[in-house]
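In each ligand, atom 1 is the first atom listed, and ligand 1 is the first ligand listed.
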Amino acid sequence: MKRRVTKAIFPVAGMGTRFLPATKSVPKEIMTLVDRPLIQYAIDEARAAGIEDFIFVTSRGKSALEDYFDHAPDLENALRKSGKTELLQTLRDTNMDSGAIAYIRQHKALGLGHAVSCASKLIGDEPFAVILPDDLVAAEKPCLQQMIEAYQDTGGCMVATLEVPHEKASSYGVLDVASQDGPLVRVKGMVEKPAAGTAPSNLAVIGRYILTPRVMQNLTKIDRGSGGEIQLTDAIAYELTEGRDVFGYRFEGQRYDCGSKAGFLQATVAFALARDDLRDELSAFLDSIHTERQAAQ
Ligand code: UTP
C-alpha cells in the first residue's frame with residue numbers, strides 16, 4: 001500500500017538568537033539567501049515531494065513570515081505592464097493556494113517537540129513530514145522526496161541523517177544503529193545532544209522527518225529532555241520502546257546549517273556559485289580575495 005504524505009509542519013517559533021541583532025525584527029526564516037528567503041527553499045522542497053498542506057508553527061514577532069505568503073497583485077500588475085515577464089514568473093512561482101497554509105502559535109518556546117505538538121489537531125490521523133528550514137539541503141532529488149520514496153517501503157518513522165565528526169555529535173540528536181542497508185539505517189535508540197564522548201554513533205539527525213501520528217501522542221507522554229525542552233527526538237525514540245520501527249535515511253546532497261552564521265554564509269556562496277547569472281562575477285571576486293590573502297601571508 002502506498003502511504004501518502006501530504007502534510008508538513010514547519011516549526012519556526014524559535015528565537016533565532018544566533019542571528020541577533022537581525023532577528024530582533026526579522027524572522028530568521030525570512031533572511032535572504034541569494035534572492036529568496038530561507039523559508040522559500042523549504043517550501044519548494046516540500047512541494048517537490050508532494051506536500052499539499054503547509055503548517056507553520058510560529059510565535060510572536062513572526063508576522064513578516066506570514067506576510068511573505070500573501071499574494072502581491074499590485075506588484076504582479078506592475079511587472080506585467082513593464083514587460084518584466086521573467087520576474088513576474090519568479091513572483092508567481094512563490095504563490096501558494098488559498099487554504100494551503102495554516103499558522104499555529106506556539107506561545108512559549110518549550111522546544112522543537114512542543115512546537116510540533118502544537119500542530120497536532122491539524123495532523124489528525126495521518127503520517128506527516130517535519131521540515132526545519134534552517135537545514136538547507138542542496139540535492140539533485142530534493143531530500144524530502146528521497147525520504148518519502150524510501151518511506152513507501154518502510155513505513156514507521158524516518159529521520160534524515162548524516163555523518164558528523166565525533167566531536168560535533170553532542171550538538172545533535174544521534175542514532176544508535178541496529179543495522180544498515182544502503183542509505184537505510186535501522187535504529188535501536190536515539191539520544192538528543194549526548195554528553196561529549198558518549199554518542200552511540202556519528203550519525204546525526206538533521207531537520208527532515210517523516211512521522212506517524214502516534215508521535216503526537218508520544219509528545220504528550222514524554223518528560224522534558226535535553227536543555228529542559230520537550231524534544232522531538234525523545235518522542236520518536238518512544239516508538240522504539242513500544243517495539244515500532246524507526247529508520248534513519250542517509251540522503252544524497254549537501255546540507256548547510258543555516259541556523260549558524262558560518263553555515264548561512266557557506267550556503268549563500270554555494271547557491272550563488274550554482275547560478276548562471278552570478279557565478280562568473282562571484283568566483284572572480286572570491287579568487288581575488290584569496291590571492292590578496294595569500295599575498296598578505
Ligand atoms: P534552534 O535550536 O535552531 O533554535 O531550533 P532557534 O531559536 O531557531 O535559534 P537559536 O539557537 O536561538 O539561534 C531549531 C528549529 O526548531 C524551531 C526553530 O524555529 C527552528 O526551526 N523551534 C525551536 C520552535 O519552533 N520552537 C521551539 O520552542 C524551539
Side-chain angles (χ1 to χ4, degrees), residues 7-31 33 37-43 45-46 51 54-66 68 101-120 122-123 128-137 143-144 159-162 164 168-174 190-194 204-209 211 215-216 219-220 222-236 255-267:
K7 293 182 178 177
I9 301 176
F10 300 79
V12 291
M15 288 184 281
T17 52
R18 282 170 287 172
F19 282 96
L20 281 170
T23 43
K24 213 173 127 194
S25 67
V26 183
K28 176 171 61 175
E29 301 74 24
I30 286 293
M31 292 196 332
L33 204 141
L38 197 50
I39 192 69
Q40 188 65 52
Y41 295 90
I43 293 286
E45 181 180 332
I51 298 299
F54 302 78
I55 303 165
F56 290 90
V57 182
T58 69
S59 57
R60 264 168 75 87
K62 297 275 177 170
S63 48
L65 179 75
E66 301 185 16
Y68 173 73
I101 304 188
Y103 302 100
I104 296 276
R105 283 289 207 225
Q106 184 191 25
H107 293 301
K108 263 190 182 174
L110 294 177
L112 174 60
H114 179 258
V116 168
S117 73
C118 292
S120 157
L122 292 181
I123 292 299
F128 59 98
V130 175
I131 299 187
L132 305 190
D134 284 5
D135 275 326
L136 183 59
V137 183
C143 179
L144 189 64
V159 300
T161 182
L162 92 178
V164 296
K168 296 244 169 98
S170 50
S171 310
Y172 294 89
V174 180
M190 290 170 84
V191 196
E192 183 63 34
K193 300 194 177 60
V205 177
I206 67 128
R208 302 288 181 277
Y209 307 78
L211 302 176
V215 171
M216 289 296 190
L219 280 164
T220 65
I222 57 170
D223 295 325
R224 291 188 188 208
S226 167
E229 297 189 333
I230 298 176
Q231 296 290 354
L232 186 57
T233 310
D234 295 343
I236 301 170
R255 173 257 186 178
Y256 298 94
D257 174 11
C258 291
S260 77
K261 285 182 269 247
F264 199 100
L265 290 168
Q266 287 160 17

Query raised in the report: For Arg60, does the CZ atom sit with more than 12 other heavy atoms under 6.0 Å from it, leaving out its own atoms?
Result: no
Report task. Please determine, by modelled atom types, if Glu192 and Thr233 share a side-chain donor-acceptor pair under 3.5 angstrom. Result -> yes
Query raised in the report: What orientation do Phe54 and Phe10 show, parallel under 30°, tilted 30 to 60°, or perpendicular over 60°?
Result: parallel
**Report entry** Neighbour list for ligand 1 [protein residues, heavy atom under 4.0 Å]
**Finding:** Pro11, Val12, Ala13, Gly14, Met15, Gly16, Thr17, Arg18, Lys28, Gln106, Ala109, Leu110, Gly111, Leu112, Ala115, Asp134
Query raised in the report: What are the two closest non-hydrogen atoms of Thr58 and Arg105, and how far apart are they?
Result: OG1-NH1, 2.8 Å
Query raised in the report: salt bridge (charged side-chain N to carboxylate O under 4.0 Å, His left out) with Asp234: which residues, sequence neighbours excluded?
Result: none
Report summary line: Separation between NZ (Lys28) and CZ (Phe264), nearest 0.5 Å, reads 10.0 Å
